[in-house]
Amino acid sequence: MGEPSARPDGGSAEGPLAVVAGPDENGLGEELAALGVEIRRVEGLVTADALSEAGIAEAAYFVLTDVEEATGIPVAKELNPDVQVVTYATRSLPEFVATVADLAVDPALLDAATVAEELLADDDK
């Protein structure tokens, strides 16, 4: 038996899936969506239940834009060890999760469109 789908319509994502947590003021979720990535958002606290409801088990990416919710990173990795964790925030990650994240980018250094393109380019290799 396969994993139950997290989509409300019972289907599964046709392209890659990204779970985005945090306010995403710089629009990385929108840039990923423009490149064909299905976006599901976690509003509020990043808990195991919230991540599961958003479909973290089938996600290719977990994008965190609020380092205050950094405790969600190891939770996401526990629920899906293969998920690529990307933080897109101006503040640094706390030391206890910095080594768990796959990529940490400051929006002042790279715009959202470039980050989205690079994430998907890495998948093509």
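As the structure is a prediction and not an experimental result, all values here were calculated from the model.
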Pairs under 3.5 angstrom only: tabulate donor-acceptor contacts from the side chains of residues 19-29 to other protein residues two or more places apart or in another chain.
from	atom 1	to	atom 2	distance (Å)
D24	OD1	G27	N	3.4
D24	OD1	L28	N	2.9
D24	OD2	G29	N	2.8
D24	OD2	R41	NH1	3.2
D24	OD2	R41	NH2	3.4

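With rounding to the nearest 0.5 angstrom, the CG atom of D66 is 10.0 Å from the CG atom of L45.
Taking all atoms of both residues into account, the shortest heavy-atom contact from A70 to L64 is CA-CD2, 3.8 Å. V46 and G72 make their closest contact through CG1-CA, 3.7 Å (heavy atoms, listed as atom of the first residue, atom of the second, distance). Among all heavy-atom pairs drawn from A33 and I39, the shortest one is CB-CG1, 3.8 Å. When all heavy atoms of Y61 and L119 are compared, the pair lying nearest together is OH-O, 3.5 Å. Heavy-atom minimum distance, A50 versus V42: CB-CG1, 3.8 Å.
P107 has its side chain within reach of T90: a pair of non-hydrogen atoms, C-beta onward, lies under 4.5 Å apart. Using a 4.5 Å heavy-atom cutoff, the side chains of V63 and L32 are in contact. Contact of the E117 side chain with the E31 side chain is not registered, since no non-hydrogen atoms from C-beta on lie closer than 4.5 Å. Here the side chains of V75 and L51 are in contact, with some heavy-atom distance below 4.5 Å. Inter-residue side-chain proximity for I73 and L93 is flagged as met; some heavy-atom pair is nearer than 4.5 Å.
Ionic pairing of R40 and E53 is not present here: no N-O contact between side-chain nitrogen and carboxylate oxygen is shorter than 4.0 angstrom.
With hydrogens and angles ignored, the 3.5 Å screen pairs no side-chain donor or acceptor of E38 with any backbone N or O of L17. One N or O on the side chain of Y88 and one on the backbone of A112 form a donor-acceptor pair closer than 3.5 Å.
Take D102 and apply the salt bridge (charged side-chain N to carboxylate O under 4.0 Å, His left out) test, not counting sequence neighbours, and it matches K77. Under the side-chain contact (heavy atoms from CB on, under 4.5 Å) criterion, A34 pairs with no residue, sequence neighbours left out.
Atom CD of E30 is surrounded by more than 12 heavy atoms from other residues, nucleotides or ligands within 6.0 Å.
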>> Please evaluate residues S52 and D49 with respect to the criterion side-chain hydrogen bond (donor to acceptor under 3.5 Å, both in side chains), reporting the C-alpha separation (whole Å), side-chain torsions for both, the decisive distance (0.1 Å), and the verdict.
In response: CA-CA 5 Å; S52 292; D49 287 342; 5.6 Å; no
